[in-house]
Amino acid sequence: MNFYELKTNVSNIGSALKDANEQLSTLAADPSATTEDISAQQKKVDALQVRYETLNKQYKEETAKQQVKLKESKEPAQKSPEERKNHAFAQLVRKTMAKQSVGAEVYQALGDDSTTGGSKFLPKTVSVKSKMLV
């Protein structure tokens, strides 16, 4: 049974349980209803309750598994050095094009050991230091 079938079954059993509870309340309030009718309806409600709880438990477990899979796919465990460098370069280009300041961690990921703001890989005419002088 897949996730969506399980969700549908929980919903269907839940609505059937609600209807059965309403019928039980109606029977209990009806003075002409026999105790056998009431007990039969109570057994039906109890059976639906057990089915609902079982399916709901399975649904919650499956939902938790789906969330774990989704979280794992969004967050890779460790990026390789090449991926980190590519990501840092992409951030550098995005920030530069948007005329925003680029963080030191981006420069460090690209291999700039100094705090000059990219002097290792940027020409002196466009490094952060020369921009400050202008």
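All values derive from a computational prediction rather than experimental measurement.
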Val50-Tyr59 co-clustered via ILVMFWY side chain contacts under 4.5 Å: no
Gap between atom CZ of Arg84 and atom CD of Glu82 - 0.5 Å precision: 10.5 Å
Separation between CG of Leu27 and OG1 of Thr35, rounded to the nearest 0.5 Å: 11.5 Å
Partners passing side chain to side chain donor-acceptor pair (under 3.5 Å) against Glu61 (at least two apart in sequence or in another chain): none
Sequence-distant partners of Asp30, side chain to side chain donor-acceptor pair (under 3.5 Å), two or more places apart: Ser32
Residue pair Gln49 / Glu53, side-chain donor-acceptor N/O under 3.5 Å: yes
Residues Asn21, Leu17; criterion side-chain contact (heavy atoms from CB on, under 4.5 Å); working and verdict: CA-CA 6 Å; Asn21 274 324; Leu17 178 61; 3.9 Å; yes
Gap separating the CG atom of Asp46 from the OG atom of Ser39, nearest 0.5 angstrom: 10.5 Å
Distance-only polar pair, side chains of Gln23 and Asp19, donor-acceptor under 3.5 Å: no
Close side-chain approach of Leu48 to Arg51, heavy-atom, < 4.5 Å: yes
Pairing residues for Glu105 by the side-chain contact (heavy atoms from CB on, under 4.5 Å) criterion, not counting sequence neighbours: none
Atom pair CG/NZ of Asn56 and Lys7 - distance to nearest 0.5 Å: 12.0 Å
Distance (rounded to the nearest 0.5 Å) between Arg94 CZ and Phe89 CZ: 11.0 Å
Main-chain N/O of Tyr4 paired to Thr8 side chain as donor or acceptor, under 3.5 Å: yes
For the student: nearest non-hydrogen atoms of Ile38 and Leu24, plus distance: O-CD1, 3.7 Å
Spacing of OG1 belonging to Thr63 relative to CG belonging to Leu6, to within rounding of 0.5 Å: 7.5 Å
